[in-house]
Amino acid sequence: MAGNSLQIDDDYCKTMGDYFVQEGNEIEGFISEYVVILERIKSNAIIKGDVANALGSYIEYTKKLKGKISGISTASKQQTGKFLASVDNADQYLF
């Protein structure tokens, strides 16, 4: 039978916030490596023509991803902190 209590594991929430930041940093690293690989392809393999132009555009759009993922992951950690603070604030009125 389900109870009427809600239990929130603060440590788990904080750990997940840290996990999101770590994963975001790792994805940022992957994006940086990907851009380097694409630029190497453009300079060594696909040098001119329509495909080279399309690849150049693709590289420019891929560069725009840099910094976005880490920003999102950092924001998720901040949201986790705000959530815990809100629960703690509401808790003081319940007990």
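The structure presented is a predicted model; accordingly, all values stated were derived computationally and were not measured.
Screening residues 41-51 for salt bridge (charged side-chain N to carboxylate O under 4.0 Å, His left out) gives no qualifying pairs among residues at least two apart or on separate chains.
Hydrophobic clustering (ILVMFWY, side-chain heavy atoms < 4.5 Å, transitive): I37 and I46 are in one cluster.
From L55, atom CG reaches atom CD1 of I59 across 4.0 Å, with rounding to the nearest 0.5 Å.
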Using a 3.5 Å cut-off and no angle test, enumerate the donor-acceptor pairs between side-chain atoms of residues 77-86 and protein atoms at least two apart in sequence or in another chain.
residue, atom, partner, partner atom, Å
K77, NZ, D18, OD1, 2.6
T80, OG1, S76, O, 2.9
S86, OG, K82, O, 3.0

What pairs of donor and acceptor atoms, side-chain ones from residues 19-30 against any protein atom, are under 3.5 angstrom apart with sequence neighbours left out?
residue, atom, partner, partner atom, Å
N25, ND2, V21, O, 3.4
E28, OE1, G67, N, 2.8
E28, OE2, G67, N, 3.1
E28, OE2, K68, N, 3.4
E28, OE2, I69, N, 2.9
E28, OE2, S70, N, 3.0

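A search for salt bridge (charged side-chain N to carboxylate O under 4.0 Å, His left out) contacts involving K14 returns nothing, not counting sequence neighbours. Under the side-chain contact (heavy atoms from CB on, under 4.5 Å) criterion, L65 pairs with I31, not counting sequence neighbours. Not counting sequence neighbours, the partners of E60 by the salt bridge (charged side-chain N to carboxylate O under 4.0 Å, His left out) test are K63.
Between the side chain of S43 and the backbone N or O of R40 there is at least one donor-acceptor pair closer than 3.5 Å.
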